[in-house]
Structure formats: structure tokens, C-alpha cells
Q: 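First the structure, then my questions, so here it is.
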Amino acid sequence: MEWPNMLNLPKFQAGSVWIAGAGPGDPGLLTALALQALQQADVLVYDALVSPEILRLVRPSAKRIHVGKRRGQPSAKQSEIEAVLVSWARGGHRVLRLKGGDPFVFGRGGEEALALRQAGIPFRIVPGITAGIGGLAYAGIPVTQRGLNNAVTFITGHGSDGALPDDLDWLALARSRSALVLYMGLRTLPETAMRLLAAGASPGTPVAVVSEASTPRQQVLRSTLGECTLAVARANPKAPAIIVIGQVAA
Ligand code: SAH
């Protein structure tokens, strides 16, 4: 038996939506479910974070709908994306909603799942490898390491209004030995560093900024909490970038 059959994957039913993670970029980090969905989907709805290496795997006859930011144009509104998913599924198509990383980690997969449930559309969630774990691993950074940290905190640097979220407990974050993993955190890194330092974190705390993790374009910028603002201003790392603050970054 060929391995795809041995996996006994569920069927991608017509009229349903799969909300799938594509991982951080390397096609080798796709799950078997995501790969099957790419090869069977009638309609692909994807955003800017899905790498060109992965888009090449889509069934050639599939209709592609790009809903991310492109050349300065704003991305589609969340409600518009949800309407697109519902209408193609109602049309009897197999709709693959593909997202970078994991769909439930700062990916709005939950909002889309709720909209599909409300519309009565059958759907499946296909988890993916998130940038804050697998992307860091490709830079040689273990998100936990015995003796260094007992916890990991995933933080968005970009709340719904675009600013650093104002409900973070900086004192607790600075005091904890949790590794801090910042998604969408490049622009607000100076403010994040300032707040952590003001809350008592050590300026020598290692920081790593991993751009385009797991793609052939991956770059890693290593610095410290005290120096990362200057280092980022100088090196101007590319987005998307995943940032980790803590001893594991070293
Ligand atoms: N659902 C995604 C995260 C979406 S939020 C996931 O689980 O990975 C978008 C942020 O993810 C980016 O700003 C960046 O911080 C991070 N990210 C996603 N892919 C990345 C990659 N290949 N390299 C570095 N960071 C990445």
C-alpha cells in the first residue's frame, strides 16, 4: 500500500471547509492532512503568510483566492473572508482555508470556525506547526530547555488596534523565567523592550529575531533586551519575524 492510503486520512467532502495551518514556510513542515487538502481542494483561500513554496503544491485547477495584504492594498475584512468561505462551500466546493503556521495561534481560525458553525457549513480544523515553535527550531532555538525555562508565553505585539496590547502584566512577565515569544512583534519591539526593562528585566537577557523562518530566506538577528532596539534599527530585519526573549534565545 502507498503511504498516503496507509494514513487513512478523512475524506475532504464537497461542500465543506478545512481550516488548515501550512506551517511556517518549509513545505516539509506541512501535515499529511494539509498536503492532502492542497491536492484535493477546489478552492484555496489563503493569506500573505503562506509561502510560495507551498502554493506550488496546490492542485493546478483549483481556484485561488488571496485575502491577505498585497502591494500596499489592505487585506480583506474578516467578515468578507468568512462570507467567501460560506458561499463557496454552499456552492458544493471543497474549500481549503490555508493559513501560515497554526490556524488557532493568532490566526483568527477560531473566528472563522464560529462563522462556519453559524452558517451550518461542515468544517475541520487542521493544526499546523506554529512559527513560535517550529520557526524558532529552524533557528536552532528550543522553546523550552531544562534548567533555562519552565514556561513559554505567546504574545501578540499587535493588538486589534495595531498597538501593543495594554492588558499585559509586564511586572509578571519580567519576573517570570518564561520564554516570551512575540508574534507580529517587530514594529513594537522597542516598546516591548522598554516595558520589560522598566519592569525589572535584565538588559542582558538574550533576544533572537528570526525572519522568514524555515524558508530559504531565513535570517537570524541575535541581541539582548538592552540592545535589541538599536540592533533592529540597524539590521532592519524582514517580516514576518518571530521574536523570542529569554535564555533559550542564546
Ligand atoms: N498562525 C501563525 C501566526 C500568525 S500571526 C502561526 O501559528 O505561526 C503572524 C506572525 O507570525 C508574524 O508577524 C510572525 O511573527 C509570525 N510568523 C509566521 N510565519 C513566520 C515565519 N515563517 N517566520 C517568522 N515569523 C513568522
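Remember, it's 1-based here, ligands and their atoms both numbered in the order they're listed.
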Q: List the protein residues in contact with ligand 1, where contact means a heavy-atom separation under 4.0 angstrom.
A: P24, L49, G100, G101, D102, V105, F106, T130, A131, Y183, M184, V210, E212, A213, P240, A241, I242

Q: Scan side-chain atoms only and decide if S178 and T153 contain a donor-acceptor pair under the 3.5 Å cut-off.
A: yes

Q: Tell me, yes or no, whether the heavy-atom count around R234 atom CZ, taken from other residues, nucleotides or ligands under 6.0 Å, exceeds 12.
A: no

Q: Grouping I, L, V, M, F, W and Y whenever their side-chain heavy atoms are under 4.5 Å apart, do I245 and I155 come out in a common cluster?
A: yes

Q: For Y183 and T130, which I'm curious about, is there any donor-acceptor pair between the side chains at under 3.5 Å?
A: yes

Q: Are K99 and E112 close enough for a salt bridge, meaning some N to O gap below 4.0 Å?
A: yes

Q: I'd like to know if the side chain of R94 pairs up with that of Q40 as donor and acceptor (distance under 3.5 Å, no hydrogens or angles considered).
A: no

